[in-house]
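Note sheet for the following structure.
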Amino acid sequence: MKVLSIQLNHVRNLKNQEIIISSPIQVFYGKNGQGKTSILEAIYFAATGLSFRTKHSSEMIRYTKNTLSCSLGYQDQFSKKSLSVSIENEKKQFFFLGKKISQMEFYGNLNVIYYIPEDVMLINGSPSVRRLFMDREISQINVFYLQQLKKFSHLLKIRNKYLKEKLYQNEEFLIYEKEFVECGSYLIEQRNHYLQLMSSFIKNIYQDLFDKEKELQLQYKTFIEFQNDVTLSKIQEEFWKEIKKKKEKEIQYGFSMVGPHKDEFIFLLERQDAKLYASQGEKKSIIFSLKLSEIDILSKNKKEMPIVLIDDVTSYFDEERCHSVLQYLYEKKVQVFITSTERLKIEADYYRIEKGEVYENTSS
Ligand SMILES: Nc1ncnc2c1ncn2[C@@H]1O[C@H](COP(=O)(O)OP(=O)(O)OP(=O)(O)O)[C@@H](O)[C@H]1O
């Protein structure tokens, strides 16, 4: 997929403008605080309806305004298309080819992978950060997963409420609990499947791009030990067993202690937990390998290449590594959007950003 244009309306400090895109690699450069990250955020928002900086995307609305919209013109293997998201009265609206559609229909039309300095939290942060990341990635290739995720989060709230109010012998509770186990088991099955796929890619990417000597693995931890593939019914069976074991404690504490909301994903470098033992540089390379693995997964599943956003590229890579990473993306025919505080020594289309204004494109 290739983005052809970006239309901005009241996004953070960015001037309302249309930016025409025509190259595989674009570099947005400028001093600090000029609006570089906001451009990438706007692209991500127009493609997904989400921000990679905040859970509350209404924070993206310019201080003095109360509405916002971002649109993308893009081309997939078939034709030119457009996506647009707006926020009005705190409500998001989604458009495809100018027609209003639901968020479910919207998500996954244009796949985007981003890499921002805060991503190191994927290793250093809490398990919920990693779960959120995995959930977003799986949802990009599987809309049914996204639906089940929403359903599970709803069921979890209900189940916790019943537990807290000691209504666990109620007939309704048993119906909700059955759904809770079925829905949760599906999420676990899909996470395991996705993790297996991802593990095989990240190991090779890490060795090819960053360190031939070291082995990177990604481990999925849930209440069941996975040897290869486990059937959905086996997961359900184990889920029930675990619930039975923990029921007394659940009643005592008033919340659900078993399920995919407790899952953990662990990065192992040379079989050691990267969170504890990897260097800062290694952590950046691990995250980058993880992000690059999404390209292979998405292209395998969707038969389309995602677009890649890299914020503040020189803070992760020296010039040589920057070249090899971009060469890798170029060979995969992935369109890339990069921000940097200065022009880079790579062939790209350059856009200077000053006080929220994007100045005409100059090729190197
Ligand atoms: N909702 C908003 N409305 C208006 N301006 C905003 C809003 N949110 C943030 N800003 C401002 O927008 C400016 C641009 O921020 P942005 O993070 O895009 O800059 P940047 O060029 O990526 O900077 P850096 O290189 O320091 O990361 C900042 O000065 C910020 O204070």
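Read the numbers this way: they start at 1 and go in the same order the structure lists the ligands and their atoms. All values derive from a computational prediction rather than experimental measurement.
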Whether [X] and [Y] hold their rings parallel, tilted or perpendicular, with breakpoints at 30° and 60°:
X      : Y      : answer
Phe317 : Phe210 : parallel
Phe337 : Phe28  : parallel
Phe223 : Phe239 : tilted

Closer than 4.0 Å to some heavy atom of [X] - which atoms of ligand 1 meet that?
X     : answer
Arg53 : 16 (P), 17 (O), 18 (O)
Ser38 : 15 (O), 16 (P), 18 (O)
Lys36 : 18 (O), 19 (O), 20 (P), 21 (O), 22 (O), 23 (O), 24 (P), 25 (O)
Glu59 : 1 (N)
Ile61 : 1 (N), 2 (C), 3 (N)
Thr37 : 17 (O), 18 (O), 20 (P), 22 (O), 27 (O)
Gln34 : 19 (O), 20 (P), 21 (O)
Arg62 : 3 (N)

Taking the non-hydrogen atoms of Lys65, is any one of them nearer than 4.0 angstrom to ligand 1?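 Flag not set, Lys65 not near ligand 1.
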*At a 4.0 Å cut-off, with the gap strictly under it, does some heavy atom of Gly30 reach an atom of ligand 1?*
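Gly30 does not count as a contact of ligand 1 under the 4.0 Å cut-off.
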Answer yes or no: is there an ion pair linking Lys99 with Glu105, defined by an N-O contact shorter than 4.0 Å?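 So Lys99 does not pair with Glu105 through a salt bridge.
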ask   = Can you check whether Lys275's main-chain N or O pairs, donor with acceptor, with Asp273's side chain at less than 3.5 Å?
value =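 Yes; at least one donor-acceptor contact below 3.5 Å.
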Under the 3.5 angstrom rule, does the side chain of Gln34 hit a backbone N or O of Asn32 as a donor-acceptor pair?
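Yes, the answer is positive, given that a donor and an acceptor are paired below the 3.5 Å cut-off.
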Legend entry - Pi-cation contact, Tyr114 with Lys291 (under 6.0 Å, within 45°):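 Judged by the rule (NZ or CZ under 6.0 Å from the ring centre, within 45° of its axis), Lys291 counts as positioned above Tyr114.
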task = Kindly confirm or rule out a cation-pi arrangement of Arg343 over Tyr350, judged by NZ or CZ under 6.0 Å from the six-membered ring centre and within 45° of its axis?
result =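 Pair Arg343/Tyr350 counts as cation-pi.
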For this session: Step by step, work out the side chain to side chain donor-acceptor pair (under 3.5 Å) result for Ser256 and Asn160.
Result: CA-CA 6 Å; Ser256 305; Asn160 287 348; 2.8 Å; yes
Which residue and heavy atom of the protein sit nearest [atom], plus the separation:
atom                    : result
atom 19 (O) of ligand 1 : Gly35 N, 3.3 Å
atom 23 (O) of ligand 1 : Gly33 N, 2.7 Å
atom 9 (C) of ligand 1  : Tyr63 OH, 3.6 Å
atom 8 (N) of ligand 1  : Arg12 NH1, 3.1 Å

Is there a protein heavy atom less than 4.0 Å away from atom 30 (C) of ligand 1?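 So atom 30 (C) of ligand 1 lacks protein heavy-atom neighbours under 4.0 Å.
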Heavy-atom proximity to atom 13 (C) of ligand 1, best of Asn13, Leu40, Asp311: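 Among Asn13, Leu40, Asp311, the closest heavy atom to atom 13 (C) of ligand 1 belongs to Asn13.
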query = Going by heavy atoms in the side chains, are Phe144 and Tyr186 under 4.5 Å from each other?
reply =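 Answer yes - side chains close enough.
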